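Notes to accompany the following structure.
Since the model is a prediction, treat every value here as computed from it, not as a measurement. Note: hydrogens, waters and symmetry copies are ignored here, and every other heavy atom, side chains too, is used.
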Amino acid sequence: MTYVSNTSNVRFDGLSGRFARMAAALKLMRARRRAYQLTFNELSSMTDRDLADIGLCRSLIREVALQAADEIR
């Protein structure tokens with residue numbers, strides 16, 4: 001009886017590949033955090049009237065900052 005095994009889709013990149021993926025994930029996390037901080041700080045510094053001019057209220061600042069961070073790919 002003969003068995004055929006297809007391993008072409010299995011990744012054998014070892015420890016260096018894991019470190020590369022971890023570094024990429026860390027870079028992405030930092031970029032998202034930076035986008036969140038910049039957006040949150042910028043919107044928080046605006047007056048209520050300025051926020052109303054762009055169609056936001058102060059309670060939406062966190063949500064908008066999270067959306068900005070989620071757009072980073």
Side-chain angles (χ1 to χ4, degrees):
M1 188 182 281
T2 305
Y3 292 98
V4 176
S5 177
N6 182 4
T7 60
S8 62
N9 62 350
V10 177
R11 296 181 61 184
F12 294 103
D13 53 359
L15 192 58
S16 63
R18 286 187 215 167
F19 281 124
R21 287 190 302 276
M22 279 184 10
L26 182 60
K27 184 178 179 181
L28 178 62
M29 286 174 25
R30 285 182 177 174
R32 286 180 174 172
R33 180 66 182 169
R34 184 73 178 143
Y36 174 85
Q37 288 175 332
L38 288 173
T39 305
F40 186 88
N41 290 340
E42 184 71 26
L43 292 175
S44 293
S45 68
M46 297 174 81
T47 65
D48 289 335
R49 181 177 176 123
D50 291 336
L51 289 172
D53 287 345
I54 60 173
L56 295 176
C57 59
R58 200 156 293 280
S59 64
L60 292 176
I61 291 176
R62 182 175 180 271
E63 182 178 335
V64 171
L66 286 172
Q67 287 175 355
D70 284 341
E71 291 178 2
I72 303 296
R73 302 277 174 209

Pairwise ring-ring contact (aromatic ring centres under 6.0 Å, His included) hits with a residue in residues 46-73, at least two apart: none
Listing request: all ring-ring contact (aromatic ring centres under 6.0 Å, His included) pairs with a residue in residues 44-69, at least two apart in sequence or in separate chains. none
Can you list the other members of the hydrophobic cluster that holds L15, where links are side-chain heavy atoms under 4.5 angstrom apart? F19, M22
ring-ring contact (aromatic ring centres under 6.0 Å, His included) pairs, two or more places apart, involving residues 54-73: none
Enumerate the residue pairs fulfilling ring-ring contact (aromatic ring centres under 6.0 Å, His included) with a member in residues 51-73, sequence neighbours excluded, ordered by first and then second residue. none
Can I get a per-line list of side-chain donor-acceptor pairs under 3.5 Å for residues 48-64, giving both atom names and the distance, sequence neighbours left out?
from : atom 1 : to  : atom 2 : distance (Å)
D48  : OD1    : R58 : NE     : 2.9
D48  : OD1    : R58 : NH2    : 3.0
D50  : OD2    : T47 : OG1    : 3.2
R58  : NH1    : S44 : O      : 3.4
R58  : NH2    : M46 : O      : 2.7

Can you list, pair by pair, the side-chain donor-acceptor contacts under 3.5 Å of residues 26-40, counting residues two or more places apart and other chains?
from : atom 1 : to  : atom 2 : distance (Å)
R32  : NE     : I72 : O      : 3.2
R32  : NH2    : I72 : O      : 3.3
T39  : OG1    : A35 : O      : 2.8

